[in-house]
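For the single chain, residues carry numbers from 1 onward in sequence order. Nothing here was measured: the structure is a model prediction, and the numbers come from that model.
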Amino acid sequence: MSEGFSRPVAGHVPVLRLGDVLLVTLQGDLYDGSAQQLQQDLSETIARSGATGVVIDISGVEIVDSFLGRVLAEIAAQTELLAARTVVAGMRPAVAITLVELGLTLPGLRTALTTEAAMELLAQPVVAFRSGGRHEESP
């Protein structure tokens, strides 16, 4: 599949398609309406395009509150239901500390220090765990 841009998501959150991965770069605050629109647009884009991964770059986000933490967790849950994986990239140390202090564990959300590392993580085979503690690699 070719690289390209989708239509602007929520008016200011661009989504770049890199093969089977969607790249979302958050800058500044994400408000209720734009967060809901981003969730909907990502879900529709994954379903329509068959993308297998989403990278959300939050290096431009100064502060993550419980709202944004919840939005990120919901995006990860939605993408997982659509057979895609989500990786959050570029988390600042202060943001990580804040998330821990808020008690937000963000289940199902993978993290990477950089966008490049997130892309590498998504390129790795999925490891599926089976009962009995064994695991298998998916093709």
Notebook entry, point to check: What are the two closest heavy atoms between Ala84 and Ala51, and how far apart are they?
Noted result: CB-O, 3.7 Å
Next item on the list: Apply the test side-chain hydrogen bond (donor to acceptor under 3.5 Å, both in side chains) to residues Gln78 and Glu74: give CA-CA distance (whole Å), side-chain angles for both, the deciding distance (0.1 Å), then the verdict.
Entry: CA-CA 6 Å; Gln78 289 171 350; Glu74 287 176 1; 5.4 Å; no
Checklist line | Closest heavy-atom pair and its distance - Val71, Gln39 | finding: O-NE2, 3.8 Å
Next item on the list: Return yes if some donor-acceptor pair links the side-chain N/O of Ser34 with the main-chain N/O of Leu30 below 3.5 Å, else return no.
Entry: no
Check: Taking Arg17 for the side chain and Gly19 for the main chain, is one N or O donor matched with an acceptor at less than 3.5 Å?
Finding: yes
Check: How long is the gap from CG on Leu22 to CG on Asp41, to the nearest 0.5 Å?
Finding: 11.0 Å
Notebook entry, point to check: For the residue pair Ile75 and Thr86, what are the closest heavy atoms and their distance?
Noted result: O-OG1, 4.1 Å
Margin query: Closer than 3.5 angstrom, by distance alone: can the side chain of Arg92 be matched with the main-chain N or O of Ser59 as a donor-acceptor pair?
Written below: yes
Next item on the list: Kindly give the heavy-atom pair with the smallest separation between Gly28 and Val61, and that separation in Å.
Entry: O-CG2, 3.8 Å
Checklist line | Approximate separation, where rounding is to 0.5 Å, of Leu121 CG and Glu116 CD | finding: 13.0 Å
Check: Is there side-chain contact between Ile56 and Leu26, with at least one heavy-atom pair below 4.5 Å?
Finding: yes
Notebook entry, point to check: What's the spacing between Leu104 CG and Phe67 CZ if we round to 0.5 Å?
Noted result: 12.5 Å
Check: Can you name the closest pair of heavy atoms from Leu68 and Asp65 and give their distance?
Finding: N-OD1, 2.9 Å
Next item on the list: Can you measure from CD1 (Ile58) to OG1 (Thr25) and round to the nearest 0.5 angstrom?
Entry: 11.5 Å
Next item on the list: Quick one: do Val55 and Met119 satisfy side-chain contact (heavy atoms from CB on, under 4.5 Å)? Show the steps, please.
Entry: CA-CA 7 Å; Val55 175; Met119 297 294 288; 3.9 Å; yes
Margin query: Under the criterion side-chain contact (heavy atoms from CB on, under 4.5 Å), I'd like the reasoning laid out for Val15 against Leu23: C-alpha separation, chi angles, the key distance, then a yes or no.
Written below: CA-CA 6 Å; Val15 176; Leu23 174 62; over 6 Å; no
Item checked: More than 12 heavy atoms of other groups within 6.0 Å of Leu113 CG -> no
Next item on the list: Assess whether side-chain contact (heavy atoms from CB on, under 4.5 Å) is satisfied between Ile63 and Val95, documenting all intermediate values.
Entry: CA-CA 6 Å; Ile63 298 171; Val95 169; over 6 Å; no
Next item on the list: Measure the spacing between OG1 of Thr79 and CG of Leu109 and express it to the nearest 0.5 Å.
Entry: 8.5 Å
Check: Is there a donor-acceptor contact under 3.5 Å linking the side chains of Gln40 and Glu44?
Finding: yes
Margin query: Has Arg85 got a side-chain atom pairing as donor or acceptor with Leu122's backbone, closer than 3.5 angstrom?
Written below: yes
Next item on the list: Hey, could you give me the OG1/CE distance between Thr98 and Met91, rounded to the nearest 0.5 Å?
Entry: 10.0 Å
Next item on the list: Provide the closest heavy-atom pair for Ala118 versus Val87 in the form atom of the first, atom of the second, distance.
Entry: CB-CG1, 3.5 Å
Next item on the list: For side-chain contact (heavy atoms from CB on, under 4.5 Å), just list the numbers for Leu99 and Ile97, CA-CA rounded to whole Å, side-chain angles, deciding distance to a tenth of an Å, and then say yes or no.
Entry: CA-CA 5 Å; Leu99 289 174; Ile97 290 168; over 6 Å; no
